[in-house]
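Just so you know, ligand 1 is whichever comes first in the structure, and atom 1 is the first atom listed for that ligand. Counting from 1, the numbers follow the sequence of the chain as shown. These values consider heavy atoms only, across backbone and side chains, with no hydrogens, waters or symmetry-generated copies.
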Amino acid sequence: MAEAQRERLTDIGPPHYEKYLPPVVKKNYGQWKYHELVEPGVMVHVAESGDELYSVRCASPRLLSIQTIRKFADLADKYCDGHLRFTSRHNVEFLTTKKENAAKIKKEAGEMGFPAGGIGHGITSIVHTQGWVHCHSAATDASGVVKAVMDDLFEYFNGEKQVPGKCRIALACCLNMCGAVHCSDIAILGVHTKPPRISHENLNKMCEIPLVSASCPTAAIRPATVDGKASVEVIEEQCMFCANCFTVCPAMPLADPDADGISIWVGGKVSDARSKPMFSKLAVPFIPNNPPRWPETIAAVRKIVEVWADNARPYERVGEWIERVGWPRFFRLTGFEFQKEHVDDFKYAGLSYNRSAQLTHEPWEE
Ligand code: SF4
Ligand code: SF4
């Protein structure tokens with residue numbers, strides 16, 4: 001494709017990524033022989049041509065200030081000819097062809113407060129959504145919970161402690177799931193547990209009633225006349241607390257300090273290695289919000305990490321391990337209570353139910 005044509009095609013989106021590839025990546029595109037971990041946080045890719053590319057992966061605060069981005073850019077200018085990338089889990093990776101530069105980047109980034117780690121059999125940074133900092137429908141905070149959880153798990157990030165395989169953690173602050181909670185080994189998901197409160201006084205001044213009705217994925221909202229005014233009613237048993245209605249109508253708030261909290265999901269993955277990609281499944285239905293350090297959430301996540309680390313086989317992801325030993329054993333080992341919320345009552349759930357009495361694929365030792 002001609003360069004000018006490519007420019008035209010991308011003028012309303014990001015520029016074509018090829019334009020910004022480091023020269024060594026462009027030169028060896030599709031010709032990489034292998035990659036390996038050099039030390040915690042440093043990885044090398046070796047090409048068929050013999051070229052080497054060192055990646056230094058550092059934690060980022062995720063919500064980035066201009067000052068932080070300038071620090072990253074200065075470091076990339078100093079050692080990487082200006083090249084860096086952000087991973088899908090919000091790490092920043094500095095890319096250099098010189099081995100000696102990798103050590104310098106790791107040291108200087110660490111001194112600035114951005115430690116290297118998160119590659120290989122460890123826990124990488126947690127991808128998260130906006131939380132109370134910005135989003136209107138958040139049932140929990142994002143940055144605050146993630147900071148507290150990652151501080152607790154830091155030994156698994158910087159290589160001090162190993163786990164059997166990769167472990168990806170994600171947080172989304174409501175079930176719209178802007179974060180990758182559906183496909184992460186451990187997912188922290190904010191949940192509302194009460195239907196919206198309706199301000200009949202304001203609703204027809206602030207919102208379009210047909211639009212509000214249409215916004216509900218479960219058809220729980222119906223037009224209604226209340227005190228002689230056009231408004232809506234919510235069929236509460238149909239409501240799944242998704243906050244879609246609040247997104248289009250500020251007269252239907254859901255946020256409730258006592259009823260909002262956190263659920264924990266496990267076993268998702270995107271990777272195709274060894275087994276198919278998996279969706280996360282519910283482990284803990286509700287933990288109350290407890291800022292600023294969310295100790296109950298930290299304890300639940302650590303429990304899953306430790307039980308998996310103690311029991312899984314090498315390379316086995318959390319979901320693969322649970323599928324092998326069976327969900328009853330997962331609940332027994334973690335001590336999480338099996339509750340009514342664990343039974344899927346979605347109308348199509350019958351399609352995915354286990355239709356056999358065999359819950360595990362191998363016997364286990366008690
Ligand atoms: S997950 Fe929900 S609350 Fe969080 S940023 Fe996305 S829409 Fe907003
Ligand atoms: S919260 Fe979701 S399910 Fe409940 S009424 Fe609003 S749009 Fe419908």
Side-chain angles (χ1 to χ4, degrees), residues 61-64 88-90 126-149 168-184 186-200 202-204 206-224 226 231-265 268 279-280 282 285-289 291 294 297 341 344-349:
R62 299 169 200 88
L63 297 183
L64 297 173
S88 58
R89 302 274 160 176
H90 298 186
I126 302 177
V127 59
H128 74 69
T129 51
Q130 305 178 66
W132 291 334
V133 168
H134 177 74
C135 195
H136 58 278
S137 56
T140 187
D141 197 14
S143 322
V145 184
V146 162
K147 168 77 175 142
V149 170
R168 301 288 184 251
I169 306 182
L171 182 145
C173 36
C174 86
L175 51 75
N176 285 311
M177 301 203 313
C178 304
V181 286
H182 62 296
C183 59
S184 292
I186 302 174
I188 305 166
L189 175 64
V191 281
H192 300 285
T193 58
K194 284 194 176 164
R197 303 178 296 279
I198 307 170
S199 169
H200 297 292
N202 294 321
L203 193 132
N204 66 359
M206 300 170 85
C207 319
E208 296 278 352
I209 289 173
L211 186 64
V212 182
S213 304
S215 74
C216 180
T218 62
I221 302 175
R222 291 184 187 167
V226 180
S231 186
V232 297
E233 63 179 2
V234 172
I235 304 157
E236 298 199 350
E237 54 277 19
Q238 258 174 251
C239 176
M240 61 170 177
F241 327 123
C242 70
N244 260 16
C245 49
F246 182 56
T247 302
V248 299
C249 180
M252 298 182 70
L254 259 89
D256 181 314
D258 298 321
D260 294 350
I262 281 171
S263 58
I264 310 265
W265 301 66
F279 280 130
S280 319
L282 183 66
F286 189 77
I287 300 172
N289 280 320
W294 280 271
T297 303
E341 288 84 357
D344 191 349
D345 62 356
F346 180 54
K347 63 181 168 183
Y348 294 123

Per-atom filter on ligand 2: closer than 4.0 angstrom to a heavy atom of T218 are 3 (S)
Where is the nearest protein heavy atom to atom 7 (S) of ligand 2: which residue, which atom, and how far? C245 N, 3.4 Å
Does the side chain of R62 pick up a donor-acceptor pair with the side chain of T129 at under 3.5 Å? no
Which residue and heavy atom of the protein sit nearest atom 4 (Fe) of ligand 1, plus the separation: C173 SG, 2.2 Å
In the protein, which heavy atom is nearest to atom 8 (Fe) of ligand 1, and how far is it? C135 SG, 2.2 Å
Just which atoms of ligand 1 are under 4.0 Å from any heavy atom in C178? 1 (S), 5 (S), 6 (Fe), 7 (S)
Atom indices of ligand 2 within 4.0 angstrom of I221 heavy atoms, with elements: 5 (S)
Specify the protein heavy atom at minimum distance from atom 2 (Fe) of ligand 1: its residue, its atom name, and the distance to 0.1 Å. C174 SG, 2.3 Å
Under the side chain to side chain contact (heavy atoms under 4.5 Å, CB included) criterion, do M252 and V212 qualify, and how do the steps go? CA-CA 9 Å; M252 298 182 70; V212 182; 3.4 Å; yes
Ignoring hydrogens and angles, tell me if any N or O in the side chain of T140 forms a donor-acceptor pair with the backbone of G190 under 3.5 Å. no
Would S184 and R89 satisfy side-chain hydrogen bond (donor to acceptor under 3.5 Å, both in side chains), going step by step from the backbone distance to the final call? CA-CA 11 Å; S184 292; R89 302 274 160 176; 3.0 Å; yes
Neighbour count above 12 (heavy atom, 6.0 Å) for H136 NE2: yes
Going by the order shown, which atoms of ligand 1 are within less than 4.0 Å of some heavy atom of Q130? 5 (S)
Is the CD atom of E208 crowded by more than 12 outside heavy atoms at less than 6.0 Å? no
Once you measure the plane-to-plane angle for H90 and H128, does it fall in the parallel (<30°), tilted (30-60°) or perpendicular (>60°) bin? perpendicular
Please could you name the atoms of ligand 1 that T129 approaches to less than 4.0 Å, counting only its heavy atoms? 1 (S), 4 (Fe), 5 (S)
Without swapping roles, check the side chain of N244 against the backbone of C216 for a donor-acceptor pair under 3.5 Å. no
Need the ligand 1 atom indices (1-based, order shown) with element for anything under 4.0 Å from a heavy-atom of A138. 3 (S)
Check ligand 2 against N244 and write out every atom of the ligand that is under 4.0 Å from a heavy-atom position of the residue. 7 (S)
What residue and heavy atom of the protein are closest to atom 3 (S) of ligand 2, and at what distance? M240 N, 3.4 Å
Any donor and acceptor pair, going by atom type alone, linking the side chain of R197 with main-chain N or O of A255 inside 3.5 Å? yes
Would you say that more than 12 heavy atoms from the other residues, nucleotides or ligands in this model lie under 6.0 Å from the CZ of F286, or not? yes
Region of A243 engaging ligand 2 - heavy atom pairs below 4.0 Å: backbone
2.8 Å cut-off met by an N, O or S atom of C239 to atom 8 (Fe) of ligand 2: no
Near S137, which atoms of ligand 1 are under 4.0 Å from a heavy atom of that residue? 2 (Fe), 3 (S), 7 (S), 8 (Fe)
